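Please read the structure below before turning to the comments.
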2 protein chains.
Amino acid sequence: MTLAIQNGDTAFRPTGGPFSMNELSSSRFPHSDSVVFNFATGEEVVGEGDPADHFYMVVKGMFRAVKVTRDGRRQIFAFYLPGDMCGLEPGARYDLTIEAVNAGSMAALSRVACRARMNRDPVFNSAVFEGATRALALAVDHMTMVGRSSAEERLAWFLTMLRDRSSAPGRHPPVVELVMQRQDIADYLGLTIETVSRTFTHMKERGLIALPTTRRVEILKPEHLERLAAADRDAPVWDRTSYA
Amino acid sequence: MTLAIQNGDTAFRPTGGPFSMNELSSSRFPHSDSVVFNFATGEEVVGEGDPADHFYMVVKGMFRAVKVTRDGRRQIFAFYLPGDMCGLEPGARYDLTIEAVNAGSMAALSRVACRARMNRDPVFNSAVFEGATRALALAVDHMTMVGRSSAEERLAWFLTMLRDRSSAPGRHPPVVELVMQRQDIADYLGLTIETVSRTFTHMKERGLIALPTTRRVEILKPEHLERLAAADRDAPVWDRTSYA
DNA sequence: CGTGATTTTGAGAAGTATCAAGAGGAGTGG
DNA sequence: CCACTCCTCTTGATACTTCTCAAAATCACG
């Protein structure tokens with residue numbers, strides 16, 4: 001893992017969006033205390049069980065929170081985009097592995113420094129707490145989805161979420177860049193890779209989406225997709241912040 | 001909802017067990033600030049969206065954290081036993097509904113009083129934080145289970161959890177009292193009630209368990225059940241504390 | 001232009017849901 | 001104490017979704 005000291009206020013490109021966690025972005029979280037690390041595709045940021053001594057904020061790229069079980073089953077709990085914080089858990093050790101989905105970088109802030117900052121900066125403090133809260137709320141939604149929805153509903157939910165979180169909300173038709181590969185989507189949604197692929201195909205055939213390339217989705221019928229996504233939920237709040 | 005002012009240190013019967021959250025039990029959490037409320041079967045403690053002004057600790061009986069979606073799908077996120085805390089979420093409103101599974105009672109402590117206490121009692125403070133942390137860890141496990149396990153593995157996991165959390169760990173064969181009904185189990189595990197019932201029958205036929213009554217399970221082959229339960233996980237830590 | 005990884009497609013099997021009916025239990029009133 | 005009723009739980013038959021295994025197609029990259 002390469003290291004780069006961040007100089008002042010540059011380097012941060014918060015993606016914007018209706019998320020109060022953005023209060024933490026650019027100007028607030030990364031300041032002279034923080035250090036930016038670069039990661040190659042697949043590289044590990046923190047491993048499950050590592051001592052939890054830092055908080056992280058995504059600067060660039062996409063990251064994932066993963067747990068792999070003894071017998072190889074794999075579950076992804078969150079994808080992090082620029083501006084998202086992770087490593088928020090108050091415990092002594094990380095609970096999940098955080099890996100780079102593609103090449104990217106993270107700002108790391110030591111917990112000690114963070115604690116100090118929380119004490120002297122009420123906005124920062126409440127934002128971090130709110131982040132933890134919403135991680136729980138998101139887990140609730142995620143679990144309901146995994147436990148109770150069909151493959152098509154799950155994928156619709158996923159695409160809707162990515163669209164809402166992505167930094168280019170104005171385009172028509174809305175375009176979602178799938179940075180992660182199919183296996184990651186499957187492990188996030190509790191499906192197999194084949195089912196994910198078939199569901200993409202099915203949505204394409206029904207005219208809901210177009211797939212100009214494997215990793216790019218054009219949402220042709222956003223309302224339809226949203227209806228599918230929200231079939232079993234109400235007013236989901238997409239959370240840019242999670243924990244790990 | 002009936003009200004009873006608690007007098008001093010009586011009334012609490014922590015069930016014991018290997019859970020550090022018990023540091024909060026009897027002597028710590030409920031003290032002169034707290035008030036005990038009684039609840040009838042099915043009665044609501046807090047509803048989703050209510051202002052989150054209190055923390056709660058189960059004194060007697062069993063409670064559940066529920067979310068029901070627009071179209072009637074229902075997901076249960078936790079069952080709370082005596083000594084468990086809920087309502088821990090830092091946000092302004094409760095995220096889930098908490099209901100009494102059977103007749104029971106809860107000690108309520110206002111958040112204001114709790115905050116004050118957290119400031120002057122470091123043990124209490126860290127215990128509450130640890131509780132929130134483990135709620136997240138439990139959600140991770142729960143989600144992996146719901147997303148990746150078979151019906152039999154889920155039920156084995158559930159029974160193992162209840163046995164570990166129950167207050168009578170010494171009996172042979174281990175006996176689990178199912179206070180909740182089948183629908184609750186189904187909604188906790190992401191299954192249908194019929195599948196839960198069939199899986200019970202199947203386990204009975206295989207000699208893993210006995211069902212002297214509908215709501216009482218004797219675990220005849222604990223090791224076998226544990227093997228099933230842990231098939232896709234490692235060393236689960238059963239958590240007496242969750243959030244809502 | 002190969003070569004390996006990723007994704008898609010296909011066929012069949014397995015597991016769970018659904019719909020429907022029956023059995024068991026608890027409470028009530030005669 | 002026994003019927004009656006309601007509710008929960010179990011069982012059965014079938015349909016459907018998703019998984020599994022296998023192979024083909026596409027993509028990424030040297």
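The chains referred to below are lettered A, B, ... by the order of the sequence lines, with proteins before strands, and numbering in each begins at 1. What you see is a predicted model; the values in this text were computed from it and never measured.
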[X]: side-chain contact (heavy atoms from CB on, under 4.5 Å) partners, not counting sequence neighbours:
X	result
A:Val179	A:Met62, A:Val101, A:Asn102
B:Ala156	B:Met203, B:Leu225, B:Leu228, B:Ala229
A:Ser197	none

Legend entry - Span of DNA chain C, from the first to the last nucleotide whose atoms fall under 4.0 Å of chain B heavy atoms: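 Counting from the 5' end, contacts occupy C:dT16 to C:dC19.
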Inset, instruction - Please name all residues satisfying salt bridge (Lys or Arg N to Asp or Glu O under 4.0 Å) with B:Arg206, sequence neighbours left out, ordered by chain then number. - result: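 B:Glu152.
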Inset, instruction - Check every nucleotide of DNA chain D for an atom under 4.0 Å from a heavy-atom of chain B, then give the first and the last such nucleotide from 5' to 3'. - result: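 Contact boundaries, 5' end first: D:dT8 to D:dA13.
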Inset, instruction - Decide yes or no for B:Phe39 and B:Phe63: does some side-chain heavy atom of the first lie under 4.5 Å from some side-chain heavy atom of the second? - result: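 Side-chain contact under 4.5 Å: yes.
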Inset, instruction - Could you list by number each residue of residues 208-217 of chain B showing a heavy-atom separation from DNA chain D of less than 4.0 Å, or answer none if no residue does? - result: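 Hits under 4.0 Å, by residue number: B:Thr214, B:Arg215.
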Inset, instruction - Return yes if some donor-acceptor pair links the side-chain N/O of B:Asp84 with the main-chain N/O of B:Leu81 below 3.5 Å, else return no. - result: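 Indeed, once roles are kept as given, a pair shorter than 3.5 Å links the two residues.
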Legend entry - Nucleic acid contacts - residues 184-201 of chain A versus DNA chain C, non-hydrogen atoms under 4.0 Å: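 A:Glu194, A:Ser197, A:Arg198, A:Thr201 - these, ordered by number, are the residues of the stretch whose heavy atoms sit under 4.0 Å from the strand.
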Legend entry - Degree of bending, the helix from C:dC1-D:dG30 to C:dG30-D:dC1 (end axes from five pairs; round to 10°):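 The angle, to the nearest 10 degrees, is 40°.
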Inset, instruction - Report the relative orientation of the aromatic rings in A:Phe79 and A:Phe158; use parallel for angles under 30°, tilted for 30 to 60°, perpendicular for over 60°. - result: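 Answer is perpendicular, since the angle exceeds 60°.
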Legend entry - Option passing side chain to side chain contact (heavy atoms under 4.5 Å, CB included) with B:Leu96 (candidates B:Glu48, B:Lys67, B:Gln75):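 Of the listed options, the one satisfying the test is B:Lys67.
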Inset, instruction - Would you list the pairs meeting salt bridge (charged side-chain N to carboxylate O under 4.0 Å, His left out) in which at least one residue belongs to residues 210-224 of chain A, sequence neighbours left out? - result: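 Listed once each, the pairs are A:Glu177-A:Arg216.
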Inset, instruction - Take B:Gln183 and A:Ser150, find for each the nucleotide of DNA chain D with the closest heavy atom, and name the residue whose nucleotide sits nearer the 5' end. - result: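 First, find each residue's nearest nucleotide; the 5'-ward one identifies B:Gln183.
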Inset, instruction - Could I get the full list of side-chain hydrogen bond (donor to acceptor under 3.5 Å, both in side chains) partners for A:Thr199, not counting sequence neighbours? - result: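 For A:Thr199, no residue satisfies side-chain hydrogen bond (donor to acceptor under 3.5 Å, both in side chains) once neighbours in sequence are set aside.
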Inset, instruction - Keeping to residues at least two apart or across chains, list the side-chain hydrogen bond (donor to acceptor under 3.5 Å, both in side chains) pairs with something in residues 178-188 of chain A. - result: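 Those involving residues 178-188 of chain A are A:Arg64-A:Asp184, A:Arg74-A:Asp184, A:Arg74-A:Asp187, A:Gln183-A:Asp187, A:Asp187-B:Arg148.
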Legend entry - Nearest heavy-atom neighbours spanning B:Ala103 and B:Lys60: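 In terms of heavy atoms, the two residues are closest at O-NZ, 4.4 Å.
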Working to the nearest 0.5 angstrom, can you tell me the gap between [X] [atom1] and [Y] [atom2]?
X	Y	atom1	atom2	result
A:His142	A:Trp157	NE2	CH2	5.0 Å
B:Leu162	B:Thr160	CG	OG1	9.0 Å
B:Met161	B:Asp141	CE	CG	11.0 Å

